[in-house]
Asker: 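Just dropping this structure here.
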There are 2 protein chains.
Amino acid sequence: MNVNAESTNGQVVIGLNAVIVAIIEEQPKVLVVQHTSETLTAQHETLTERTALPHDNRHEALPFGPFYPLKHRTLEAGLRSWVEEQTDHDIGYVEQLYTFGNEGRDPREEAGGARLVSVGYLALVQDTGPTAIENAVWQDWYRFFPWEDWRDGSPIILESDIIPALRQWIADAENNDEQKDRYERACITFGLDDTPWNDELVLERYELLYEASLVTERQDNLNGEEISDHRGTAMALDHRRILATAIGRLRGKIKYRPVVFELMPPTFTLLQLQKVVEALSGSLLHKQNFRRLIEKKGLVEATGKIESQTGGRPASQFRFRREVLMERQALGVRQN
Amino acid sequence: MNVNAESTNGQVVIGLNAVIVAIIEEQPKVLVVQHTSETLTAQHETLTERTALPHDNRHEALPFGPFYPLKHRTLEAGLRSWVEEQTDHDIGYVEQLYTFGNEGRDPREEAGGARLVSVGYLALVQDTGPTAIENAVWQDWYRFFPWEDWRDGSPIILESDIIPALRQWIADAENNDEQKDRYERACITFGLDDTPWNDELVLERYELLYEASLVTERQDNLNGEEISDHRGTAMALDHRRILATAIGRLRGKIKYRPVVFELMPPTFTLLQLQKVVEALSGSLLHKQNFRRLIEKKGLVEATGKIESQTGGRPASQFRFRREVLMERQALGVRQN
DNA sequence: ACTACTTATACTAATATTGAGCATAATACG
DNA sequence: CGTATTATGCTCAATATTAGTATAAGTAGT
């Protein structure tokens with residue numbers, strides 16, 4: 001090849017995207033910023049430079065911050081820096097998710113701008129009240145993925161809408177091979193025909209829906225109304241995809257690492273802990289077995305105190321044994 | 001904050017690092033390029049622009065390629081593009097590993113250059129003969145991490161050298177808390193005092209050794225001789241760290257996803273498959289149970305043919321059932 | 001105080017998975 | 001033909017998982 005670097009290199013801008021998760025009233029929440037097209041395309045500037053905007057033509061975006069190489073020793077430091085500055089509280093757990101560099105991620109690019117490469121991070125914070133980010137609100141993450149919440153049984157939207165639409169999409173395949181391929185993928189991801197549902201395939205499901213044109217990728221190419229239908233609310237750019245990545249990763253991780261505790265208050269009952277795990281994984285767990293699991297792993301210790309606001313028999317309060325982070329590996333709250 | 005972006009942004013250069021793995025004669029190999037300081041600091045240029053260099057003052061580096069936003073639609077496409085061009089064969093499986101953006105990764109940066117952010121990828125290829133990359137050779141990966149190979153029992157270097165040195169480092173702690181912390185971390189990572197060895201903690205072990213000054217991070221700040229001692233060979237920049245990330249990730253992944261088969265020839269016997277898994281994980285498996293596992297998962301099917309070069313009773317040849325990639329999830333060759 | 005309801009927690013039986021090993025089969029080599 | 005070597009089938013005990021039953025200890029209502 002021997003291409004000249006100068007001529008083909010183009011410009012690259014690096015940004016940091018944060019999926020900031022908290023559990024509020026036993027629901028999984030993600031911090032979302034309300035944007036307009038103008039602020040959005042200028043999103044590599046600092047968030048505080050944004051100005052308040054009229055309520056129409058709005059977008060929901062993940063918080064985004066710049067990476068200043070001269071200021072930040074590491075990517076993670078850059079992320080912590082602006083997130084903590086903006087939200088006014090510590091983010092304990094941070095994990096790098098994925099780096100997104102697809103062409104066309106940012107519409108500005110097409111107008112000759114630089115390619116936006118974003119490093120996505122997952123951050124877990126405790127529910128410590130409102131944040132200071134302008135226009136930022138905690139949104140239930142199932143608002144963007146209503147088919148992912150199985151806590152009240154199989155989501156109605158699946159049976160009544162998505163699965164029929166998927167079957168139509170399978171039937172519409174050009175040829176036999178493609179049809180078989182579509183069917184198999186739909187089986188795995190959406191648990192068609194007795195295939196078991198796998199809670200970790202959040203991104204795979206979203207991408208299948210996108211490919212089948214059953215879901216709207218972006219909010220930004222429409223003007224006016226918010227794009228929200230029974231198949232969930234869209235987000236700016238590829239942010240819904242980043243969120244899907246985060247949810248899937250977190251669902252996987254809690255099974256083998258004790259990361260749930262990053263979302264818990266200092267003391268909690270076992271049922272509270274279970275509710276949080278259920279909120280994240282979107283499915284219900286067997287109570288007695290969950291207890292046994294947690295106790296066997298030695299993840300928690302009783303504080304000796306009692307919580308009486310249970311509505312029934314009072315429950316022991318527990319605290320996370322921080323030591324175990326360093327003790328054994330491969331312990332989490334897997335139960336399937 | 002409201003810092004001016006122009007003044008603090010600095011320059012960022014994006015590169016793509018590949019950990020290209022193959023199994024050659026039942027040993028885990030990684031593609032390594034022999035560099036000099038000069039070519040190294042210019043490594044964001046294309047590899048083919050490098051010139052052959054004298055044999056002293058050499059470095060071992062992971063293959064590195066540039067990312068051209070104008071040419072490559074995605075980061076992965078950019079990686080595939082230059083890797084396939086250079087190695088002359090397809091890389092089937094590619095997985096994004098991690099994005100490294102630490103200050104001081106590249107010594108050139110200190111001289112006012114741009115910050116080098118590298119997206120690391122893991123690529124699995126089949127053993128298909130020599131590559132066309134100049135100066136590139138397949139190296140046994142345990143050359144860089146001799147303490148990771150337990151196939152012949154506990155590595156001598158551990159007992160005779162590393163563990164004593166670690167105990168000394170623990171004893172040298174400033175205060176009691178630090179001592180306890182050092183001890184616990186050493187227990188988990190290096191399996192001190194009956195803690196079980198965890199094969200996935202490759203990066204954690206390397207970082208502990210680095211922190212304890214028991215290992216040389218880089219080759220590039222020395223001139224002359226290759227840095228290689230009983231504690232493994234160093235690599236350029238932070239490449240040994242990237243390799244450690246790759247090994248740990250691969251060891252984890254084979255347990256729940258059928259990725260080993262990317263490294264296998266089209267047909268193989270079960271013992272050959274087992275040897276590959278053992279080579280990757282660095283530990284031995286129980287033969288009969290391994291068979292049972294593989295057969296139960298339905299990962300392979302008999303070709304009907306027989307391999308007679310076994311040295312004993314001939315073995316059935318198998319092939320990977322590619323369909324299972326789409327069939328069930330959560331199947332791999334976990335056996336611990 | 002008694003009843004109904006709610007949640008907490010202990011315990012059990014059936015089943016599945018795993019770890020370790022024994023036994024036998026089929027080849028090569030001398 | 002005997003021995004070494006690898007392949008493959010099978011067993012058995014230990015452990016883990018799933019799906020419960022049973023009982024304890026509170027609250028609220030009457």
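Being a predicted model, the structure only gives us computed values, none of them experimental. Within every chain, numbering begins at 1; the chains are lettered A, B, ... in the order of the sequence lines, protein sequences first and strands thereafter.
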Asker: Should A:Leu299 and A:Phe261 count as side-chain neighbours, where that means a heavy-atom distance under 4.5 Å?
Answerer: yes
Asker: So A:Trp147 and A:Phe190, would you call those rings parallel, tilted or perpendicular, with 30° and 60° as cut-offs?
Answerer: tilted
Asker: Under the rule for side chain to side chain contact (heavy atoms under 4.5 Å, CB included), what residues qualify as partners of B:Glu26, not counting sequence neighbours?
Answerer: B:Lys275
Asker: Whole-Å distance between C:dG21 P and B:His286 NE2?
Answerer: 7 Å
Asker: Near DNA chain C, counting only heavy atoms under 4.0 Å, which residues of residues 306-316 of chain B show up?
Answerer: B:Gly312, B:Arg313, B:Pro314
Asker: Below 3.5 Å is the cut-off: list the nitrogen or oxygen pairs between protein and nucleotides 9-15 of chain D, distance only.
Answerer:
from  : atom 1 : to       : atom 2 : distance (Å)
D:dG9 : O6     : B:Gln288 : NE2    : 3.4

Asker: Just checking A:Ile306: does its CD1 atom have more than 12 heavy atoms from other residues, nucleotides or ligands closer to it than 6.0 angstrom?
Answerer: yes
Asker: Determine, for B:Arg321 against B:Glu295, whether the closest basic-nitrogen to carboxylate-oxygen distance falls under 4.0 angstrom.
Answerer: no
Asker: In whole Å, I'd like the distance from the OH atom of A:Tyr256 to the P atom of D:dA16.
Answerer: 21 Å
Asker: Looking at A:Arg249 and A:Glu200, does any basic side-chain N land under 4.0 Å from a carboxylate oxygen?
Answerer: no
Asker: I need the CZ-C1' distance between B:Phe290 and C:dT17, as an integer number of Å.
Answerer: 17 Å
Asker: At less than 4.0 Å, is any side-chain N or O atom of B:Lys287 found next to OP1 or OP2 of D:dT6? Yes or no.
Answerer: no
Asker: Checking all strands, does B:Leu271 fall into the base, sugar-phosphate, or nothing category for heavy-atom contacts under 4.0 angstrom?
Answerer: sugar-phosphate
Asker: Can a salt bridge be assigned to the pair A:Asp199 and A:Lys255 using a cut-off of 4.0 Å between side-chain N and carboxylate O?
Answerer: yes
Asker: Can you check the A:Gln317 CD to C:dT7 P distance for me, whole Å?
Answerer: 17 Å
Asker: Are the side chains of A:Ile247 and A:Glu148 in contact, using a 4.5 Å heavy-atom criterion?
Answerer: no
Asker: Before accepting this row, confirm whether a basic side-chain N of the pair B:Arg143/B:Asp149 lies closer than 4.0 Å to the acidic partner's carboxylate O.
Answerer: no
Asker: Using a cut-off of less than 4.0 Å, is there contact between a side-chain N or O of A:Lys296 and OP1 or OP2 of D:dT17?
Answerer: yes
Asker: To the nearest angstrom, how far is B:Ile294 atom CD1 from D:dA7 atom P?
Answerer: 14 Å
